[in-house]
Amino acid sequence: MDRYGTVVNCKGVTKSYGTGAARVHALRGVDLEIRYGEVLMLVGPSGSGKTTLLSLISGILDPDDGECAVLDHVYRDFSATERARFRGRAIGFVFQAFNLLPSLTAAENVAVPMLINGISRRDAALKARRMLDAIGLGGRVDALPDQLSGGEQQRVAVARALVHGPKILLCDEPTSNLDHASGDHVMEMLRREALAPDRAVVVVTHDIRLFRFADRITHLEDGMLVESNPGRTRETSP
Ligand SMILES: Nc1ncnc2c1ncn2[C@@H]1O[C@H](COP(=O)(O)OP(=O)(O)OP(=O)(O)O)[C@@H](O)[C@H]1O
Ligand SMILES: [Mg+2]
C-alpha cells in the first residue's frame with residue numbers, strides 16, 4: 001500500500017481508436033485516483049469511455065498519452081509475460097460481454113484464474129463450486145455458458161473475477177442482466193468478498209439503484225471526468 005492510500009493512479013490518460021476521419025477520442029485526459037478500501041462507481045453515457053478506462057487500468061489496452069500506475073507499477077515497465085502474470089494475480093475483470101469460455105462449464109470457467117495462479121485442480125474445482133453456490137448458481141455448476149440465461153452467465157463472470165482474491169476488481173456493468181434482487185445480491189457479495197483495506201472495487205453502472213453500494217461515484221462524459229461525489233454506503237442508506 002503506498003503512502004497516499006492510492007491503489008490506482010491515472011494521470012492525463014488519453015486514448016483514441018482508429019485514424020483519420022474515423023478517429024474517435026475515447027479518453028481526453030483523465031486523472032483518476034482509486035483508493036484502497038473503496039467501491040468506486042463509474043457512471044456516464046454510452047460511449048463516454050468507461051470500458052476504455054477499465055481496459056487501461058487492467059492493462060488490456062495502453063494509453064496514447066499519460067499513464068496509470070497500478071499497485072505502484074506501470075504496465076510499460078513490464079515484459080508481456082510480466083504483464084500477464086501481474087494481471088492474472090492482481091486484477092479481476094467482469095467484462096461487459098462476460099467473455100466466458102464457451103467449451104468450459106460454469107465451474108470450469110470460474111476455476112480458470114485459480115489454475116493460472118497455480119492452485120491445484122482439486123482445490124480450484126472445490127472453490128469454484130463454493131463461489132457459484134454463494135452467487136446462487138449451485139445447481140448450474142456443470143452447465144455450459146450457452147445453456148445459461150444472460151443473468152446466470154453474468155453471475156458466472158462475477159464469480160470468476162472474484163474467486164482468486166484480486167487486489168483490484170473491475171466490473172463493467174456487472175448487474176445489467178439481473179433483476180433488482182439478484183443485482184443487490186451481487187453487489188452485497190462484491191462488497192463482502194472483494195473489498196478489504198488492501199483492495200478496491202470499481203463498478204461501471206447505469207443503474208442508480210446500485211449507488212447505495214458505492215463509497216464514491218465518478219462521472220465520465222465524452223472522455224473526461226466531470227464530477228465526483230461521495231456515495232451512500234449501505235450503512236448510511238435508509
Ligand atoms: N475497438 C474500438 N474501435 C473503435 N472505436 C472504439 C472501440 N472501442 C470503443 N470505441 C469508441 O470509443 C468510445 C468509448 O467507448 P467505450 O466502450 O469506452 O464507451 P462506454 O462508456 O463503455 O460505453 P457503453 O456504456 O456503451 O458500454 C465510443 O465512441 C466507442 O465507439
Ligand atoms: Mg462499456
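Note that ligands are numbered from 1 as they come in the structure, with each ligand's atoms numbered from 1 the same way. On a predicted model such as this, the values are computed, not experimentally measured, just so you know.
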Quiz item: Quick check: does Thr51 have an N/O/S atom under 2.8 Å of the Mg ion (ligand 2)?
Solution: yes
Quiz item: Is the distance from the Mg ion (ligand 2) to the nearest N/O/S atom of Ser46 under 2.8 Å?
Solution: no
Self-check item: Residues Asn229, Arg216; criterion side chain to side chain contact (heavy atoms under 4.5 Å, CB included); working and verdict
Solution: CA-CA 6 Å; Asn229 311 109; Arg216 200 153 57 100; over 6 Å; no
What residue and heavy atom of the protein are closest to [atom], and at what distance?
atom: atom 6 (C) of ligand 1; value: Tyr17 CD1, 3.2 Å
atom: atom 14 (C) of ligand 1; value: Gly47 O, 3.4 Å
atom: atom 17 (O) of ligand 1; value: Thr51 CB, 3.7 Å
atom: atom 26 (O) of ligand 1; value: Ser46 OG, 2.6 Å
atom: atom 27 (O) of ligand 1; value: Gln96 NE2, 2.8 Å
atom: atom 18 (O) of ligand 1; value: Thr52 OG1, 2.6 Å

I'd like to know if [X] pairs up with [Y] as an ion pair, taking the criterion as any Lys NZ or Arg NE/NH1/NH2 lying under 4.0 Å from an Asp or Glu carboxylate oxygen.
X: Asp222; Y: Arg28; value: yes
X: Asp65; Y: Lys11; value: no
X: Arg140; Y: Asp133; value: no
X: Arg129; Y: Asp142; value: yes

Self-check item: Flag: protein heavy atom within less than 4.0 Å of atom 31 (O) of ligand 1
Solution: no
Quiz item: Can you check whether a protein heavy atom sits less than 4.0 angstrom from atom 9 (C) of ligand 1?
Solution: yes
Practice problem: May I have the step-by-step check of side chain to side chain contact (heavy atoms under 4.5 Å, CB included) for Leu210 and Thr175, ending in yes or no? | Solution: CA-CA 9 Å; Leu210 296 187; Thr175 64; 3.2 Å; yes
Quiz prompt | CD/Glu221: more than 12 non-hydrogen atoms of other groups inside 6.0 Å | solution = no
Quiz item: About how many Å separate OG1 of Thr105 and CD of Gln147, when rounded to the nearest 0.5 Å?
Solution: 9.5 Å
Quiz prompt | Pairwise distance CD(Glu82) to NE2(His73) - rounded to 0.5 angstrom | solution = 9.5 Å
List ligand 1 atoms under 4.0 Å from [X], heavy atoms only on the residue side.
X: His206; answer: 25 (O)
X: Ala26; answer: 12 (O), 13 (C), 14 (C)
X: Pro45; answer: 21 (O)
X: Glu173; answer: 25 (O)
X: Ser48; answer: 19 (O), 21 (O)

Quiz prompt | Phe95-Phe93 aromatic ring centre distance below 6.0 Å | solution = yes
Practice problem: Please confirm whether Gly49 comes within less than 3.5 Å of ligand 1 when only nitrogen or oxygen atoms on both sides are compared. | Solution: yes
Quiz item: Who's closest to atom 21 (O) of ligand 1 heavy-atom-wise, of Lys15, Lys50, Arg23?
Solution: Lys50
Quiz item: How does Val24 reach ligand 1, by side chain, by backbone, by both or by neither, if only non-hydrogen atoms under 4.0 Å count?
Solution: side chain
Quiz prompt | Evaluation steps, side chain to side chain contact (heavy atoms under 4.5 Å, CB included), between Arg85 and Phe78 | solution = CA-CA 10 Å; Arg85 195 173 298 144; Phe78 284 144; over 6 Å; no
